[in-house]
Every structure is written in structure tokens, then in C-alpha cells.
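Okay, so here's the structure we're looking at.
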Amino acid sequence: MTDKLIPLRIAGVGYSLPETVVTNDDLTKLYETSDEWIYSRTGIKERRLVSGNENAIDLGEIAAKNALKKAGMKADDLDMIIAASTAPIELYSMGCQIQKRLDMTKQVPAFDVSAACTGLIYCLSIAKGFVASGMYKNILIVATDNNSKLLDWTDRGTSILFGDGAGAMVVTASDDGVDDIITIDIKSDGKYDHLISLPFDGKNCPLVEPNEVHPSLIKMNGKGVYAFVAKILPKYVEELLQKTGLTSDDIDYLIPHQANIRIIQAVQERLGMPEEKVVTNIKYYGNTSAASIPIALAEGVEKGSVKLGSTALLCGFGAGMTWGGAIIRLREGIC
Ligand code: UT7
């Protein structure tokens, strides 16, 4: 431990998507809907879904390995793994599952953060604290989701929105005194827990009472989520910028959680940002929950729509309700 706060460097980012594409037209085989209805309300045309035995651990492993490679690190260089998953395949720690896949010889701490679609920002905030204090240096964050296994595929109001995917980020102590996190903030309000939920009721002991197994599926009040987020998020993001003493002119890219194009546009309009600064891939991947921000970031850099040596504003929201934002530096070499 040290008395001086250690600045953080974002060393590498990576992502992974399943190959199976399900279009809006495909969904018409499941229920009464249309490409026009879905696209006009959400901005989504298609999504990627896991198939066969593929799951969030597989996607997270690839994203993690990509991020480690970009960071120029081996798995054994890591001091900690933090996983965020809205749809974990293993409730007893996705972090440990990723650790196992990385074949680490060191027994570093690995754990999960449950903050739904705001997971990446929560993990980054936690990692910043550990790096700043000097407790841990090299931290892998993996945000990975296979929502498709936990959706009610008869619920057309919810299942149209989500896709599967993973994003990862490796952070470390900055050796030049510059912190890549200019600001970071996380929030939650449990009073709004009813808007999106994934109950794991389980069942009581049969000696206590007869019972049935309840399916554990994602439940969402879409209209309620939309109203809540449209009210709080644009204002919140504007205030985050103001508190930091920056304006939207100082930000090169807005990289928001990819939940609904209309919510993204509401944030963009509030900040008065031109469209070319807004990174979106919702059209092709839908809402990949915790993974959506790191996928948009890593894919944007890989495809050249996000140039490095820049500044990005990340913002997200999710079940809980949780929300958060970060302004970060994107240095050369992270992808
Ligand atoms: O990270 C998770 C974040 N979640 C979100 O960001 C969700 C935010 N909310 C939304 O994006 C929108 O609320 C939805 C796209 C989910 C739904 O749009 P909406 O305009 O709020 O629709 P609604 O739920 O109010 O439904 C309007 C009508 C209903 O029919 P009636 O009762 O008016 O006859 C629905 O049954 O549209 C019907 N409907 C559909 N019709 C065709 C609902 N889903 C569909 C569908 N296709 N897929």
C-alpha cells in the first residue's frame, strides 16, 4: 500500500461475438412482430446468439484473451479478475470460470459484480480503487452475457431486444503519471427493481412444503424502463461532464450502452454531440447487456471508427436500477 493514489492505464480491450445471426424477420417465426416495428422502436435489425453448448464463459474467454494480447500481458501477469454478467451460466463466479479458462498458475482473486448492464462501469470503478490504492496492479475485467438462454422467447416485448456477446478490458498502473480514467461515477436506486428482474426463486425444501420449480427468465417492463432512463440518463451524463469541467467539445466519442437507439439519441441530443461522435452497433448486435459498452469500444477501435489518442464518454444503465458513466482516455496500443 502507498499513500499516493496510483493512476490507471487502460492497457488493452477485446471482444467476442457468437456467429449465429437472428434477424428481426426470423423472429416473426416465433410471434406476431415485424422488422419495421422492432427497428423503428429500438434501432435493432439483428442480434448474435449463442448456439449448441456455446455460452458466456466461451465468449468471455475469447474477449479476455484478445484484451490480454493487446495489453501485451500473459494471464499469469494478472493480479485480479472481475467479471460482470447479467446472464451468467454459473452463479458461483464467472470470474473463477474465466480464470480456469486462462490456465493461470497463480491463485489471484476472481469474483463477480452484479450490476446488470452497467456492469463494465461498476467493474472499472472497482478496479480503479484497487489500482489507485496499490493493492492490485494488473486487473482483467470481463463483461459477458448470454441473455438468449434466460429470455422468455414467447415475450415479444422483451426478447426482441437482447443479444449475446462479451467484452474485456485489461487495466494496470500507469507508469507516466497520467490516469486514463478522467472521471468515473456509479449510481443505483433499488426502488426501481421491478422494472427489470431475473428472479432466482429456487424452491423450498419439500419437507417444508410441496412446491414447483419456477423458470428463471428475464422480466422487463419496457415502457417503464424507457421512461425511467429517458428521464435520468441524459441529465446525468450532462452533469457528469459539467462536474469534470469539460464540455462535449472535449469528448471525441460517446460510447453508450446499446439498449435502444432512441435512448442513445436522447443522450446525444442533450450533449449536443454530432452523430459521427456516437458509437453504435445496436443495429447488428442488439442489447448485449454488460458486454455492450466494451464491445462497442473494442470493435470501434478495431474497425477504425474510434481513433486512438482520443477521449471517450462511456455511459450505461441496467436492472437494479443501476447507472453510471466514465470519461476515459483511449491511448495508442489498446486494440
Ligand atoms: O438493458 C435493458 C434495457 N431495456 C430497455 O432499454 C427497454 C426500453 N424500452 C423499449 O425499448 C421499449 O419500451 C420497447 C421497444 C421494449 C417496447 O416499445 P413500446 O413502444 O414501449 O411498446 P409497448 O410495450 O408499449 O407495446 C405497445 C404495443 C402493445 O400492443 P397493444 O397493447 O397496444 O395492442 C404490445 O403488445 O406493441 C405491442 N408489442 C409488439 N408488437 C409487435 C410489443 N412488442 C411487440 C413486438 N412486435 N415485438
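All ligand and atom numbering here is 1-based and tracks the order in the structure. These figures come from a predicted structure and were not determined experimentally. Hydrogens, waters and symmetry mates are skipped; everything else that's a heavy atom, side chains included, is used.
- Short contacts between ligand 1 and R41, defined as distances under 4.0 Å to a heavy atom of the residue, involve ligand atoms 18 (O), 20 (O).
- Of all atoms in ligand 1, listed by their number and element, those nearer than 4.0 Å to a heavy atom of F317 are 3 (C), 6 (O).
- Against a heavy-atom cut-off of under 4.0 Å, H257 is close to the following atoms of ligand 1: 1 (O).
- Annotation for ligand 1: atoms under 4.0 Å from non-hydrogen atoms of K223 are 13 (O), 19 (P), 20 (O), 21 (O), 25 (O).
- With a 4.5 Å cut-off on side-chain heavy atoms, Y284 and E46 count as touching.
- There is no protein heavy atom less than 4.0 angstrom from atom 33 (O) of ligand 1.
- At a heavy-atom cutoff of 4.0 Å, ligand 1 is contacted by no atom of V229, backbone or side chain.
- Between the K106 side chain and the D76 main chain, a donor and an acceptor come within less than 3.5 Å of each other.
- For ligand 1, the polar-atom distance check against S34 finds no nitrogen or oxygen pair separated by under 3.5 Å.
- For the atom pair D77 CG and L140 CG, the distance stands at 11.5 Å (nearest 0.5 Å).
- A side-chain donor-acceptor contact under 3.5 Å links D145 to the backbone of A87.
- At a threshold of 4.5 Å between non-hydrogen side-chain atoms, the residues D185 and K187 count as touching.
- Between Y192 and F228, the ring planes are tilted. Angles from 30° to 60° get that label.
- Interface atoms of ligand 1 facing M220, defined by a heavy-atom separation under 4.0 Å, are 4 (N), 7 (C).
- The structure places CD1 of I184 at 11.5 Å from OG1 of T244, a figure rounded to the nearest 0.5 Å.
- Proximity of atom 25 (O) of ligand 1 to the protein is indicated by at least one non-hydrogen atom lying closer than 4.0 angstrom.
- Which parts of ligand 1 touch N260 is read off a 4.0 Å heavy-atom cut-off, strictly below it: atoms 10 (C), 11 (O).
- For atom 11 (O) of ligand 1, a protein heavy-atom neighbour is found at a distance under 4.0 Å.
- Within the 4.0 Å cut-off (strictly below), a protein heavy atom is located near atom 2 (C) of ligand 1.
- The only option from K128, R9, R329 that meets the side chain to side chain donor-acceptor pair (under 3.5 Å) definition with D179 turns out to be K128.
- Close approach of ligand 1 to C117 (heavy-atom distance below 4.0 Å) involves ligand atoms 1 (O).
- Annotation for ligand 1: atoms under 4.0 Å from non-hydrogen atoms of E32 are 42 (C), 47 (N).
- Side-chain N or O atoms of S159 include one that pairs as donor or acceptor with a backbone N or O of D155 at under 3.5 Å.
- Under a 4.0 angstrom heavy-atom cut-off, G157 registers as being in contact with ligand 1.
- In the candidate list N287, I44, T86, T42, T42 is nearest to atom 15 (C) of ligand 1, counting heavy atoms.
- The backbone and the side chain of T33 each have at least one atom closer than 4.0 Å to an atom of ligand 1 (non-hydrogen atoms only).
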